[in-house]
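Computed over heavy atoms, backbone and side chain alike; hydrogens, waters and symmetry mates excluded. Remember, it's 1-based here, ligands and their atoms both numbered in the order they're listed.
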Amino acid sequence: MASQAPGGSLRDDHTRDQPVAAYTTQDHATWRHLFERQGELLRGRACEEFLDGLHGLGIAAGGIPDFERLSDVLEAATRWRIVAVDGLVPDLIFFRHLANRRFPVTWWIRRPEQLDYLQEPDVFHDIYGHVPLLMNPVFADYMQAYGEGGLKAADLGALTYLARLYWYTVEFGLIRRPEGLRIYGSGILSSKGESIYCLESPLPNRLPFDLLRVMQTDYRIDDFQSTYFVIEDFQQLFEATRPDFTPYYQELRGRPKLKPDAILPGERIVERTLGAS
Ligand code: HBI
Ligand code: FE
């Protein structure tokens with residue numbers, strides 16, 4: 001990472017104070033570049049809720065934002081706050097933060113040579129990709145329910161299934177709108193190439209969201225997705241997480257894992273409708 005290693009100590013919940021002094025001018029320039037590039041791309045591609053959240057947070061192109069300031073705005077809207085972490089944290093720690101309406105945000109930013117791709121989340125992916133939708137009350141409740149579900153899934157040895165749900169919704173989800181498909185997944189919103197590919201390429205399958213089908217489907221972490229799942233609205237996601245998942249996990253244990261590009265007999269592909277449908 002370009003930012004210098006932070007000074008302060010790491011707390012036992014894997015959080016630290018955001019090391020704002022560690023950011024270099026290059027780091028802020030990298031933020032500006034990514035922010036402006038995605039801003040151009042996402043008009044007409046990102047869902048309105050994302051654009052409204054980004055605007056509501058007052059995140060500027062200027063440079064890497066202050067997490068405490070963003071948390072004050074976010075907390076007033078949906079009672080979420082941001083906590084700074086060094087990168088991916090253990091599942092249980094992650095779920096516990098989500099269950100308490102704390103979103104873990106990696107504090108450092110990618111190097112200039114990583115502008116188009118990096119494996120693990122950095123501050124641009126987490127702040128720009130994830131935080132704006134936490135301003136939406138329904139999605140904010142879904143994310144807390146997901147965290148609570150994760151703690152239960154851990155007890156049931158069912159984390160693989162729940163990781164797929166996170167991947168195909170929070171990270172790579174699409175939503176259907178009268179004017180066409182729109183993006184809400186953070187992994188797409190923070191990626192130049194995938195913001196275009198997910199809506200316009202004929203290659204990937206786009207399937208209607210189905211909870212069990214999602215949790216049965218494996219995913220790729222090193223390339224664009226082979227399948228995107230399309231929801232009708234965030235309420236559908238939130239409702240899907242209401243029931244106790246124990247019987248779902250039971251059912252899934254009896255089903256084979258599906259490859260990322262699988263299509264089952266009779267499955268309906270959602271059409272690529274760009275602009276007026
Ligand atoms: N940690 N900081 C961070 N960010 C994530 O998105 C994250 C994580 N740990 C685990 C994890 N995601 C995945 O296992 C989710 O599917 C839960
Ligand atoms: Fe993410």
Quick one: nearest non-hydrogen protein atom to atom 2 (N) of ligand 1, plus distance? G87 O, 3.1 Å
Does some non-hydrogen atom of P90 fall short of 4.0 Å from ligand 1? no
Polar proximity ligand 1 side, V85 side, N/O cut 3.5 Å exclusive: no
Quick one about D122 and W108 (side-chain donor to acceptor, distance below 3.5 Å, no hydrogens or angles considered), yes or no? no
Any N/O/S atom, backbone or side chain, of D126 lying under 2.8 Å from the Fe ion (ligand 2)? no
Protein residue, atom and distance nearest to atom 5 (C) of ligand 1, heavy-atom basis: F94 CE1, 3.3 Å
For ligand 1, which atoms sit closer than 4.0 Å to a heavy atom of D91? 10 (C), 11 (C), 13 (C), 14 (O)
Considering only N, O or S atoms, which atom of E171 is nearest to the Fe ion (ligand 2)? OE2
Near A163, which atoms of ligand 1 are under 4.0 Å from a heavy atom of that residue? 16 (O)
Strictly distance-based, threshold 3.5 Å: is any side-chain N or O of R32 a donor or acceptor partner for the main-chain N or O of G62? yes
State, without any angle test, whether R213 and T217 hold a side-chain donor-acceptor pair at a distance under 3.5 Å. yes
Give the numbers and elements of all ligand 1 atoms closer than 4.0 Å to a heavy atom of F95. 17 (C)
